[in-house]
Amino acid sequence: MSKTRTLPITAARVIVTCPGRNFVTLKIETAAGSYGLGDATLNGRELAVASYLADHVAPSLIGRDAHQIEDIWQFLYRGAYWRRGPVTMSAIAAVDTALWDIKAKEAGMPLYQLLGGACRSGVRVYGHANGETLEETISEARRYRDMGYTAIRLQSGVPGLASTYGVSRDKMFYEPADGGLPTENTWSTSKYLAATPRLFEAARAALGWEIDLLHDAHHRLTPIEAARLGQDLEPYRLFWLEDTVAADNQASFRLIRRHTTTPLAVGEVFNSIWDCKQLIEEQLIDYIRASVGHAGGISHLRRIAVLADLYDVKTGCHGATDLSPVCMAAALHFDLSMPNFGLQEYMCHTQETDAVFPHAYRFSAGSLYPGDEPGLGVDIDEALAAQYPYRRAYLPVNRLEDGTMTNW
Ligand code: CS2
Ligand code: MG
């Protein structure tokens, strides 16, 4: 019986670069001269993952057989003892993704072929229209529609609030990490709940019904507030309403689900199947947003997607600018291969980021296509990456108008 030759890992190097925002990339090299990449970026906590990989994981990888993706995953997960959490699972994700990249390159095929082949021709994505005012947001939505997007997320300023999630000066690149120390935003749920239904009423009047509209409440509501917003938005037929509540308590979605038929999406901050098992098994959500980069890589995200498929829950992977083109490329191969793919988030990266991470994926007519290069179809220009040293940056924090800390 032919035995696949072993492929000893010879190096596992962490590359931290900041082409406009910080990215952490793991590069695993093998004795055959091949290498694979994994995204290890955790917005606002990048160096924690960089150290977890460089100081605690990399030494234990040298000499292992790069083909043994699942065994290495189990070694890193069970061997950590202190399992789960965003730092650990982002580090494991980077190793897993890099090993899948290597295996596909060694097999001479794009990763989606190794994952079972394509279930569709392309990966439909949604863009991000945002504006300080309702009018500006709708104008931006028209621009995204004219660019070919068939699904668009709307985030608008809230009258009476100086700032809110998802609204940025730069209309193509939304980067929330904005300072060497956390900036403090002020939040009012009542002002937000008053404004949001008006945004979607105006959006449907201006854009019609052919376009899929989405919205991200970004963890800020209580379950009953989420239920009310879901009901208020029902006439506007959203594709999904995302992150209504902080999903620490999965059972809280029972209350939301009882009151509204607006489809619910959650999970970009999830890092393991245990964070969403109840949500999926009780069909409390419609889309699971966990990402290759933060939920343990391709291997673990496939487990989540397979569980979700049993309960008619679809995938809707996170794809913000703080997930690098390495993660986006991996997501596209994953999305193409999963039968219960729903929709992929696509926040474009800047030109300087794309120059550091040359990639094969392309946008056309509302979808992304990963291309057919062997592996992920993405690389890192290490010389260019070295020109952008790490720059500490934090996500903002949020306080209510009376000063009480709340979720950003
Ligand atoms: C957002 C993100 O893309 C989304 O749905 O929730 O912009 C999120 O705020 C950032 O990824 C956090 O780093
Ligand atoms: Mg979100």
Side-chain angles (χ1 to χ4, degrees), residues 18 20-24 39-49 86-87 89-90 93 125-130 144 149 151-156 163-179 182-183 185 187 192 196 212-221 226 229 238-247 263-271 275-276 279 285-295 315-328 331 342-350 353 368 392-398 406-408:
C18 187
R21 64 143 294 106
N22 293 307
F23 293 110
V24 180
D39 184 20
T41 307
L42 186 64
N43 202 355
R45 297 295 184 273
E46 292 87 358
L47 296 189
V49 186
V87 174
M89 299 308 284
S90 296
V125 296
Y126 69 92
H128 291 62
N130 70 81
Y144 270 84
Y149 286 84
I152 301 171
R153 187 186 82 170
L154 305 184
Q155 304 294 141
S156 185
S163 66
T164 190
Y165 165 72
V167 180
S168 67
R169 287 172 301 282
D170 191 321
K171 294 307 168 200
M172 280 308 285
F173 317 106
Y174 176 59
E175 175 47 66
D178 64 357
T183 54
N185 295 169
W187 175 251
Y192 166 77
T196 303
D212 280 326
L213 298 179
L214 303 92
H215 182 65
D216 190 344
H218 220 264
H219 323 279
R220 299 177 180 196
L221 306 178
L229 179 61
L238 266 63
F239 184 87
W240 80 40
L241 175 59
E242 173 186 347
D243 277 342
T244 49
V245 298
L264 301 174
V266 72
E268 68 180 51
V269 299
F270 292 172
N271 51 77
D275 294 333
C276 50
L279 289 168
I285 59 172
D286 303 281
Y287 297 91
I288 181 64
R289 297 260 295 136
S291 73
V292 168
H294 296 133
T315 66
C317 292
H318 188 205
T321 44
D322 46 283
L323 287 68
S324 85
V326 175
C327 186
M328 178 52 75
L343 191 64
Q344 171 66 48
E345 177 176 9
Y346 179 44
M347 274 190 194
C348 308
H349 289 103
T350 63
T353 294
L368 278 173
R392 192 177 71 193
Y394 286 83
L395 287 168
V397 298
N398 231 355
T406 184
N407 300 323
W408 175 73

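Ligands are counted one by one from 1 in listed order, and the atoms in each one are counted from 1 as well.
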Exercise for the section: Return a yes/no value for Y174: is any of its N or O atoms, backbone included, closer than 3.5 angstrom to an N or O of ligand 1? Expected result: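 No, since none of the N or O atoms of Y174 sits under 3.5 Å from an N or O of ligand 1.
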Exercise for the section: Please state which part of Q155 comes within less than 4.0 Å of ligand 1, counting heavy atoms only: side chain, backbone, both or neither. Expected result: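 Q155 to ligand 1: no contact under 4.0 Å from either part.
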Exercise for the section: Please work out whether any backbone atom (N, CA, C, O) or any side-chain heavy atom from C-beta onward of W408 is under 4.0 Å from ligand 1, and answer side chain, backbone, both or neither. Expected result: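 The answer is the side chain of W408.
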Within ligand 1, which atoms have a heavy atom of [X] less than 4.0 Å away?
X	value
M347	3 (O), 7 (O)
D216	1 (C), 4 (C), 5 (O), 6 (O)
N43	13 (O)
E242	5 (O)
H318	2 (C), 3 (O), 4 (C), 11 (O)

Practice task
Check the pair S168, D170 against side-chain hydrogen bond (donor to acceptor under 3.5 Å, both in side chains), reporting the backbone distance first and the verdict last.
Solution key: CA-CA 5 Å; S168 67; D170 191 321; 5.9 Å; no
Considering only protein heavy atoms, which is closest to [atom], and at what distance to one decimal place?
atom	answer
atom 10 (C) of ligand 1	D322 OD1, 3.4 Å
atom 1 (C) of ligand 1	Y165 OH, 2.8 Å
atom 9 (O) of ligand 1	H218 NE2, 2.8 Å
atom 3 (O) of ligand 1	E345 OE2, 2.4 Å
atom 6 (O) of ligand 1	E268 OE2, 2.6 Å

Exercise for the section: Quick one: do R220 and Y192 satisfy side-chain contact (heavy atoms from CB on, under 4.5 Å)? Show the steps, please. Expected result: CA-CA 10 Å; R220 299 177 180 196; Y192 166 77; over 6 Å; no
Exercise for the section: Kindly assign one of parallel, tilted or perpendicular to the pair W240 and Y126, based on the angle between their ring planes and the thresholds 30° and 60°. Expected result: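 Perpendicular: the ring planes of W240 and Y126 meet at over 60°.
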Exercise for the section: Mind telling me whether Y165 and H218 have parallel, tilted or perpendicular rings, with 30° and 60° as the class edges? Expected result: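 Parallel: the ring planes of H218 and Y165 meet at under 30°.
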For the Mg ion (ligand 2), what is the closest N, O or S atom on [X]?
X	answer
E242	OE2
D216	OD2
E268	OE1

Practice task
Please name the residue in the list V49, L42, L47 that meets the side-chain contact (heavy atoms from CB on, under 4.5 Å) test with R45.
Solution key: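 Going through the options one by one, the only one that passes is L42.
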Practice task
Give the intermediate values and the outcome of side-chain contact (heavy atoms from CB on, under 4.5 Å) for residues M328 and Q344.
Solution key: CA-CA 9 Å; M328 178 52 75; Q344 171 66 48; 3.9 Å; yes
Problem - T315 side chain to C317 backbone, donor-acceptor under 3.5 Å - result: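 The answer is no, because no donor-acceptor pair under 3.5 Å joins these two groups.
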Handout entry: D322 (side chain) donor-acceptor with N43 (main chain) under 3.5 angstrom
Key =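 Side chain of D322 to backbone of N43, a donor-acceptor pair under 3.5 Å: no, none is there.
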Exercise for the section: Take Q155 and H215 through the test side-chain contact (heavy atoms from CB on, under 4.5 Å) and record every step on the way to the result. Expected result: CA-CA 7 Å; Q155 304 294 141; H215 182 65; 3.3 Å; yes
Exercise for the section: Determine, stepwise, if the pair T41 / R21 fulfils side-chain contact (heavy atoms from CB on, under 4.5 Å). Expected result: CA-CA 10 Å; T41 307; R21 64 143 294 106; 3.8 Å; yes
